[in-house]
Amino acid sequence: MGDEISTKEARRWKEEGNKLSAMQKFDDAIRCYEKAISLDPVDEDVYFQKGLAMMNLIRYQEAIDSFEQSLRINDKDPRYWLYMGVNYFFMGRYSKAIPCFNMVIDLDPTNVHALSNKGSALAELDKHADAVECFDKIIELIPGDINAFYNKGISLQKLGNHKEAIGCFKQILKQDPEDADSWFELGNSLARIDTCKEAIKCYDRVIRIEPNHAEVYEAKIECLRKLGLDEEADKLIATREMDDVW
């Protein structure tokens, strides 16, 4: 009877914690979760909810500790591995994050969040060929995934494979012709294969969409100089200096 009362009381504290979390009162929510844990220390979900609250407070190591508690009770739930990996990622501990994402993928091979985070972690470690494999798997699962195409394009650029990167950014622009970042990176890849005239057209699209994009002017000036158009480059520099946003 006593155990049953404790379990019911623990559930009440957890539900209160969930309500407070939904209101973004994470410190109060954590106190509720801790009361729930003291009454029912084998509820894996309450540790998970506490970890999410810690994560929202940017207390990443404490969040990881909570997710580890969930995993001690049930190591087959991909959510616990995923969020543990995400918190390691936020801490910049990419080598610790990747095995967590691998565990998610082992349990759920179609988990796009794990594939995307793993690809990003690999890219942070300059393992761009491996990162591309992750982004390709996402594209197989979701053929038009813009984030996967963009991240793949950036990794291909780092590998010096600009022609294939160009294809990625063009795929994005078919879906969203107003994506300034993709126009910019398309221009960068075109510039790297010495197609500066085409690159300038891309940079001009960026300027039209996002006039305060500082990097695009530097890239356009570099292309103008490569084409021997120094007068036009100097004119653009003078215009930018007059606008006082250089």
Side-chain angles (χ1 to χ4, degrees), residues 55 58 60-61 63-64 67-68 78 80-173 176 179-196 198-199 202-203 206 210 213-223 226:
M55 180 178 167
I58 320 179
Y60 297 135
Q61 185 56 58
I64 288 166
F67 299 136
E68 283 181 335
Y80 309 154
W81 290 108
L82 177 64
Y83 280 95
M84 188 156 72
V86 167
N87 279 269
Y88 276 128
F89 187 97
F90 287 161
M91 293 169 73
R93 299 178 68 184
Y94 308 114
S95 294
K96 293 282 284 184
I98 289 166
C100 298
F101 300 137
N102 283 339
M103 285 299 300
V104 180
I105 295 161
D106 285 346
L107 293 163
D108 177 10
T110 63
N111 193 303
V112 170
H113 298 295
L115 288 165
S116 181
N117 280 292
K118 180 184 175 182
S120 296
L122 288 163
E124 291 288 350
L125 294 170
D126 290 325
K127 296 180 177 180
H128 292 288
D130 293 332
V132 167
E133 287 184 17
C134 291
F135 302 135
D136 276 338
K137 285 177 186 173
I138 296 170
I139 293 164
E140 283 176 25
L141 294 165
I142 309 172
D145 191 285
I146 285 176
N147 286 330
F149 274 117
Y150 185 83
N151 289 327
K152 180 183 175 183
I154 297 296
S155 279
L156 288 167
Q157 284 179 333
K158 300 287 186 183
L159 292 166
N161 190 344
H162 292 287
K163 288 185 178 177
E164 202 174 336
I166 286 166
C168 291
F169 300 125
K170 284 184 175 179
Q171 284 289 338
I172 296 168
L173 293 165
D176 182 5
D179 188 320
D181 289 334
S182 293
W183 279 114
F184 180 63
E185 296 301 343
L186 177 58
N188 288 342
S189 282
L190 287 164
R192 294 299 171 270
I193 60 169
D194 295 323
T195 8
C196 284
E198 293 302 312
C202 295
Y203 296 144
V206 177
E210 198 177 315
H213 191 301
E215 286 179 275
V216 76
Y217 294 97
E218 294 173 7
K220 182 178 177 180
I221 288 161
E222 187 179 336
C223 275
K226 280 185 181 179

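Residues A180 and E210 share a closest heavy-atom pair of CB-OE1, 3.5 Å. Listed here is the closest heavy atom pair of I138 and A148: CG2-CB, 3.7 Å. Shortest non-hydrogen contact noted between G187 and A199 is O-CB, 3.3 Å. Closest of all the heavy-atom pairs between S120 and F135 is N-CZ, 3.8 Å.
Residues F89 and Y94 are in side-chain contact: their nearest non-hydrogen atoms beyond the backbone lie under 4.5 Å apart. The shortest distance between side-chain heavy atoms of D176 and S182 does not fall below 4.5 Å. L125 has its side chain within reach of I98: a pair of non-hydrogen atoms, C-beta onward, lies under 4.5 Å apart. A heavy-atom distance below 4.5 Å is found between the side chains of I166 and I193. Under the 4.5 Å side-chain criterion, counting only non-hydrogen atoms from C-beta, I139 is not in contact with Q171.
Taking SG of C223 as the start and CD of E198 as the end, the distance is 11.0 Å to the nearest 0.5 Å. Remark: L82 CG to N117 CG distance equals 6.5 Å, nearest 0.5 Å. Atom OH of Y203 sits about 3.5 Å away from atom CG of N188, to the nearest 0.5 Å. With rounding to the nearest 0.5 angstrom, the CE atom of M55 is 4.5 Å from the CZ atom of F90. The line from NE2 of H162 to OG1 of T195 is 10.5 Å long, rounded to the nearest 0.5 Å. Rounding to the nearest 0.5 Å gives a distance of 9.5 Å between CG of D181 and CZ of F169.
Judged as a side chain to side chain donor-acceptor pair (under 3.5 Å), the pairs with a partner in residues 135-153 (not counting sequence neighbours) are, in order, D136-K152.
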Going by atom type alone, with no hydrogens or angles, which donor-acceptor pairs under 3.5 Å involve a side-chain atom of residues 99-111 and a protein atom two or more places apart or on another chain?
{"residue": "N102", "atom": "OD1", "partner": "K118", "partner atom": "NZ", "Å": "2.8"}
{"residue": "D108", "atom": "OD1", "partner": "T110", "partner atom": "N", "Å": "3.3"}
{"residue": "D108", "atom": "OD1", "partner": "T110", "partner atom": "OG1", "Å": "3.0"}
{"residue": "N111", "atom": "OD1", "partner": "H113", "partner atom": "N", "Å": "3.2"}
{"residue": "N111", "atom": "OD1", "partner": "A114", "partner atom": "N", "Å": "3.0"}

Using side chain to side chain contact (heavy atoms under 4.5 Å, CB included), reason through L122 and E133 one step at a time and then give a plain yes or no. CA-CA 10 Å; L122 288 163; E133 287 184 17; over 6 Å; no
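Q157 meets the side-chain hydrogen bond (donor to acceptor under 3.5 Å, both in side chains) test with E185, S189; sequence neighbours excluded.
Enclosure of atom NZ in K226 by more than 12 non-hydrogen atoms of other residues, nucleotides or ligands within 6.0 angstrom is indicated.
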